Amino acid sequence: MQEAISNSEVTNTLKDWVRQYADSMFSWALHKTSHKETAEDLVQETFLSALKAYDKFQGKSNPKTWLFSILNNKISDFFRNSYRQPVSNSTSEFDTYFNEKGQWKSGAIPSDWGGDTEHLLDNSEFQTTLNQCLNKLPQNWLHAVQLKYLDERTSDLISQELNISVSNFWQIIHRAKLQLRKCIEFNWFRK
């Protein structure tokens, strides 16, 4: 059984952990969410949770492992909660691109990007444009894209984790792709 620890010892330990692990935790949260403020909030919430649950930490694992476990749970909760908040759209994205017969509207037909698009991701300027376009997506669309294409999770796993139907997931992915394509065309290929 762990001996009683004074508040000052807990405070000093947590201060040490903040100094040692906060930067790497922030980097991880930023990688997962792509939003600085969200990453900062998640790291702060992690340390608050660690403070509240400090008496349960038995020292059997590395503190970094324990903190990252808490952080990953916070990130998962963040994704789940963002899907429960509806995205308000005054007009359907489909109305923007397609007519009532399901055909492309004139001016909405995707342009042929032509050229060597195979190596675009090697171009740092294109990566900047892509990240800017990703950050313009609604939060829940961005999370779906990240989980599918960056974390390479299956649609079934993502749907289960986010508590949405598979068809809803694919609808979100489809809409996100349409919006990303439009943004990239405007900000990269037509600049």
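What you see is a predicted model; the values in this text were computed from it and never measured.
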- Item | Exercise: identify the closest heavy-atom pair between W66 and A53 |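 Between these two residues, the closest heavy atoms are CZ2-O, 3.8 Å.
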ask   = Which heavy atom of L51 sits nearest a heavy atom of L14, and at what distance?
value =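 Reported closest heavy-atom pair: CD1-CD1, 3.2 Å.
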How many angstroms lie between atom [atom1] of [X] and atom [atom2] of [Y], to the nearest 0.5 angstrom?
X    : Y    : atom1 : atom2 : answer
I164 : F169 : CD1   : CZ    : 7.0 Å
T46  : F26  : OG1   : CZ    : 12.5 Å
T154 : L147 : OG1   : CG    : 10.5 Å

Using side-chain heavy atoms (C-beta onward) and a distance below 4.5 Å, is [X] in contact with [Y]?
X    : Y    : answer
K182 : F186 : no
L134 : L130 : yes
F78  : Q139 : yes

Next item on the list: Using a strict 4.0 Å threshold on nitrogen-to-oxygen distance, state whether K74 and D77 make a salt bridge.
Entry: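 No, this pair does not count.
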Among N72, T38, D151, which residue meets the side chain to side chain donor-acceptor pair (under 3.5 Å) test with K32?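 With K32 as partner, N72, T38, D151 yield a single side chain to side chain donor-acceptor pair (under 3.5 Å), made by D151.
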_Could you walk me through whether W28 and T33 satisfy the side chain to side chain contact (heavy atoms under 4.5 Å, CB included) test, starting with their C-alpha distance in whole Å, then the side-chain angles of each, then the deciding distance to 0.1 Å, before giving a yes or no?_
CA-CA 9 Å; W28 179 248; T33 65; over 6 Å; no
Run the ring pair (Phe, Tyr, Trp, His ring centres under 6.0 Å) test on W17 and F57 for me, step by step, so that the C-alpha distance in whole Å, both residues' side-chain angles and the decisive distance to 0.1 Å come before the verdict.
CA-CA 13 Å; W17 289 356; F57 179 66; 5.5 Å; yes
Which residues pass the side-chain contact (heavy atoms from CB on, under 4.5 Å) test with V18, not counting sequence neighbours?
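With sequence neighbours excluded, V18 shows a side-chain contact (heavy atoms from CB on, under 4.5 Å) to A22, F47, given in chain and number order.
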Kindly write out the residues that satisfy side-chain contact (heavy atoms from CB on, under 4.5 Å) with S165, not counting sequence neighbours, or none if the list is empty.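 Once residues adjacent in sequence are excluded, the partners of S165 under the side-chain contact (heavy atoms from CB on, under 4.5 Å) criterion are S167, N168.
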